[in-house]
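Here the structure is laid out as structure tokens; the discussion comes afterwards.
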Amino acid sequence: MDGNTEILAINGQQRIDQYKAEARFLRAYYYFLVMQQFGPAVLVGETELAPDAPGSAMQLPRSHFDTCVAYVASELDKAAAVLPLRPSNNGVVSDAEYGRATKGMALSVKSRLLLYAASDQYNGNTDMAGFVDKDGKPFISQTYDPEKWRLAAEAAKQVIDLGIYSLYEDPGGDPIKSLQGIFLQAWNNEQIFVRKANNLWNFDVHAMPRQAGGWCGLGPTQEMVDAYFMSDGLSIQESPNYRETGFTDVGGRQVYNMYMNREPRFYASITYNNSRFQGGNMQSEGTVTFFVSGPNGKNGHPTDYTKTGYLVRKNVGTQTNSGSGGNGARQNRPLAIFRLGEIYLNYVEALNEYNPGDPDIAKYLNLIRKRAGVPMYGEGANALPVPVGKEAMRAKIRAERRVELAFESHRWFDIRRWKIVGSVMGQLHGMNVNKDGNEFYQRVPAVVHVYRPEFQWFPISQYEMDRGKLLIQNPGW
């Protein structure tokens, strides 16, 4: 074998190894998604099946949740050991390879997996004592194990210690532009796992007002609006600056005082009544209203109006075009699925549960708050007192996570794993979209959710139950 042939052979094996690691990563990630929605999974990957194996060989039972976690975490570790740090193909790093699996992607999925596994839903959840296999063994651990939090903290720190990711910050130091840029600046260093070349116009058009050619389809609840901090870094319950009466003139617009002096994440994430908006058909920044008789109101369209008096602004691109369907409106930007901001929050939550008082808790929580433009705990200008004790810090971490990761498909899984769904769902509110003028600014019920214990996981379809003779259905279905 001459030198060139040997190099080709080495490169060929490297490519094979990478492709196998990518496939291993994808399989592990899909297992994780199944576990998110259905709980304990059937681990087909643990069983080698011949191509001509009979159908009876596919009759496999569900594995216990901790067994699933251990298997998927191991598979992610194996993939991470081979995958490159940067998106590449056969060792060649280039922009064309963005979207390919990387070491950081595998370790980030592991971080979220182990965080969920350490949480109340899966760690000593005695409510699931009756959910058992054919031998009577519970699918969900009945004994609380604090070591699961240690593993979750270590998994998040593994991602951080790769040293190649950083929180996105606007070069000009504008916190609102920083928060927008996380999603609108493609392939920035905060993004870890993204969906490549995703046409997000469908998201934009759902979230934008009708004035901009949108459908008014994504309406945050009043409870979500209330969750954002004030500019002093305090909650609306704590801050002396919060007002829920009266108006302030802002450039000729009468802005309800509820929306004044809020933190930058509020303005980067929420379109509220009489706020400014640019995007879609609105070629220049204009005022958006949700009054019942207004251009986006209930009287103007039987379905395309916000039911809460708000719209999601986060991850909505701004562009100037002459039509809502034109090429100028389409933002061919990637969709961020995992980002460093989440990993920091995974880390501090797990660390607080395992080792409360560890200095890394305030350190990484403050990095999130600093980028968001709100006062930090125990340092910086207008510093706030550092929460004392596990429970106090837990409340602050959960509040931060709710705001920082809003509208990124985390909240449902978070309230479920914390076992607080029943206390935070139910009747949710918004502004009074049936009124014009000052009568609009009234808290009214917008939706009532009914939550039952069986909603903990999706049911396994009857079609799958009929085919899988060894399957056991989820509780309550």
Side-chain angles (χ1 to χ4, degrees), residues 175-176 179 218-250 253-276 288 290 306-314 341 345 365-366 368-378 380-388 391-408 410-411 414-415 418 420 423-433 438-447:
I176 292 182
L179 297 163
L218 299 176
T221 63
Q222 186 65 49
E223 284 74 10
M224 185 64 239
V225 168
D226 293 345
Y228 286 93
F229 299 106
M230 299 294 289
S231 58
D232 58 12
L234 298 172
S235 69
I236 64 171
Q237 293 81 14
E238 298 168 324
S239 176
N241 301 320
Y242 181 69
R243 299 286 184 274
E244 206 163 302
T245 57
F247 299 84
T248 298
D249 185 281
V250 180
R253 294 175 292 122
Q254 292 299 301
V255 177
Y256 190 40
N257 282 333
M258 176 189 286
Y259 312 134
M260 297 299 298
N261 301 310
R262 303 301 288 268
E263 61 155 309
R265 284 177 295 198
F266 172 78
Y267 299 108
S269 302
I270 304 293
T271 301
Y272 53 92
N273 200 62
N274 269 355
S275 60
R276 305 284 285 175
V288 173
F290 301 116
T306 167
K307 309 305 186 292
T308 64
Y310 303 99
L311 289 177
V312 173
R313 183 178 297 238
K314 187 178 189 178
L345 291 166
L365 191 59
N366 278 337
I368 293 288
R369 291 176 70 84
K370 181 180 180 181
R371 191 267 299 278
V374 293
M376 297 180 286
Y377 296 116
N382 304 311
L384 300 174
V386 177
V388 178
E391 289 73 20
M393 181 59 84
R394 177 192 294 146
K396 295 300 184 184
I397 291 170
R398 290 185 178 184
E400 201 74 44
R401 187 177 180 95
R402 181 179 189 181
V403 169
E404 176 68 20
L405 301 181
F407 317 121
E408 296 182 48
H410 288 276
R411 180 65 175 169
D414 283 343
I415 62 175
W418 293 331
I420 62 170
S423 63
V424 300
M425 295 285 283
Q427 188 175 85
L428 302 176
H429 300 80
M431 292 287 96
N432 193 342
V433 297
N438 291 355
E439 291 183 288
F440 171 89
Y441 300 101
Q442 305 170 21
R443 292 172 179 265
V444 296
V447 63

Checking N274 side chain against V255 main chain: does a donor-acceptor pair fall under 3.5 Å?
no
Set out, in order, the CA-CA distance, both residues' side-chain angles and the distance that settles side chain to side chain contact (heavy atoms under 4.5 Å, CB included) for E404 and H410, then state yes or no.
CA-CA 10 Å; E404 176 68 20; H410 288 276; over 6 Å; no
Go through the steps for R369 and E263 under the test salt bridge (Lys or Arg N to Asp or Glu O under 4.0 Å), then give the verdict.
CA-CA 10 Å; R369 291 176 70 84; E263 61 155 309; over 6 Å; no
Is a side-chain donor or acceptor of K314 paired with a backbone partner of A406 at a separation under 3.5 angstrom?
yes
Reported CG-to-CG distance for the pair L384 and L234, which is rounded to 0.5 angstrom:
5.0 Å
Kindly compute the distance separating CZ (R243) from CE (M260), expressed to the nearest 0.5 Å.
12.0 Å
Least distance between heavy atoms, D232 atom then P375 atom
O-CG, 3.4 Å
Nearest atoms (heavy-atom pairs only) where F290 meets T271:
CE1-O, 3.6 Å
To check you understand the geometry: which heavy-atom pair defines the closest contact between A372 and P264, and what is its length?
O-CG, 3.2 Å
I want to check something: taking the side chain as every heavy atom from C-beta on, are M431 and R443 in contact at a cut-off of under 4.5 Å?
yes
Under a 4.5 Å cut-off applied to non-hydrogen side-chain atoms, are E400 and L405 in contact?
no
Neighbour count >12 (heavy atoms, 6.0 Å) for atom CG, D249
yes
Does the side chain of Y267 reach to within under 4.5 Å of the side chain of S275, using non-hydrogen atoms?
no
Who pairs with E223 by salt bridge (charged side-chain N to carboxylate O under 4.0 Å, His left out), at least two apart in sequence or on another chain?
none
Side chain proximity check, R401 to R398, heavy atoms < 4.5 angstrom
no
Can you tell me how far apart CH2 (W418) and CG (D414) are? Round to the nearest 0.5 Å.
4.0 Å
For the residue pair Y259 and Y272, does the interplanar ring angle fall in the parallel (under 30°), tilted (30 to 60°) or perpendicular (over 60°) class?
tilted
Apply side chain to side chain contact (heavy atoms under 4.5 Å, CB included) to the pair D226 and H429, showing each step before the final yes or no.
CA-CA 11 Å; D226 293 345; H429 300 80; over 6 Å; no
Kindly compute the distance separating NZ (K396) from CG (L365), expressed to the nearest 0.5 Å.
10.0 Å
Derivation and outcome, side chain to side chain contact (heavy atoms under 4.5 Å, CB included), residues R253 and R276
CA-CA 9 Å; R253 294 175 292 122; R276 305 284 285 175; 3.2 Å; yes
I'd like to check the salt bridge (charged side-chain N to carboxylate O under 4.0 Å, His left out) partners of E439; sequence neighbours left out, ordered by chain and number.
none
Nearest-0.5 Å distance that lies between atom CD1 in I397 and atom CG in L345:
8.0 Å
More than 12 heavy atoms of other groups within 6.0 Å of K370 NZ
no
Nearest heavy-atom neighbours spanning F229 and S235
CD2-N, 3.9 Å
To the nearest 0.5 Å, what is the distance between OH on Y242 and CD on Q237?
8.5 Å
Would you confirm whether T308, through its side chain, and T221, through its main-chain N or O, come within 3.5 Å as a donor-acceptor pair?
no
Got I236 and M230 here, is their nearest side-chain heavy-atom distance under 4.5 Å?
yes
Side-chain contact test, heavy atoms from C-beta onward, threshold under 4.5 Å: evaluate it for M224 versus R402 and give yes or no.
yes
side-chain hydrogen bond (donor to acceptor under 3.5 Å, both in side chains) between N261 and S231: does it pass, once the steps are laid out?
CA-CA 5 Å; N261 301 310; S231 58; 4.7 Å; no
What verdict does the side chain to side chain contact (heavy atoms under 4.5 Å, CB included) test give for Y441 and N273, after you've listed the backbone C-alpha separation in whole Å, the side-chain angles of each residue and the deciding distance to 0.1 Å?
CA-CA 9 Å; Y441 300 101; N273 200 62; 2.7 Å; yes
Would you say the ring centers of F440 and Y256 fall short of 6.0 Å from each other?
no
Sorted by chain and residue number, the salt bridge (charged side-chain N to carboxylate O under 4.0 Å, His left out) partners of R313 (sequence neighbours excluded) come out as none
Shortest non-hydrogen pair, A268 vs I176, comes out as CB-CG2, 4.1 Å
Using modelled atom types only, decide if a donor and an acceptor are shared between the side chain of R262 and the backbone of Y228 within a distance under 3.5 Å.
yes
Is it true that a side-chain atom of R265 and a backbone atom of V374 form a donor plus acceptor pair closer than 3.5 Å?
no
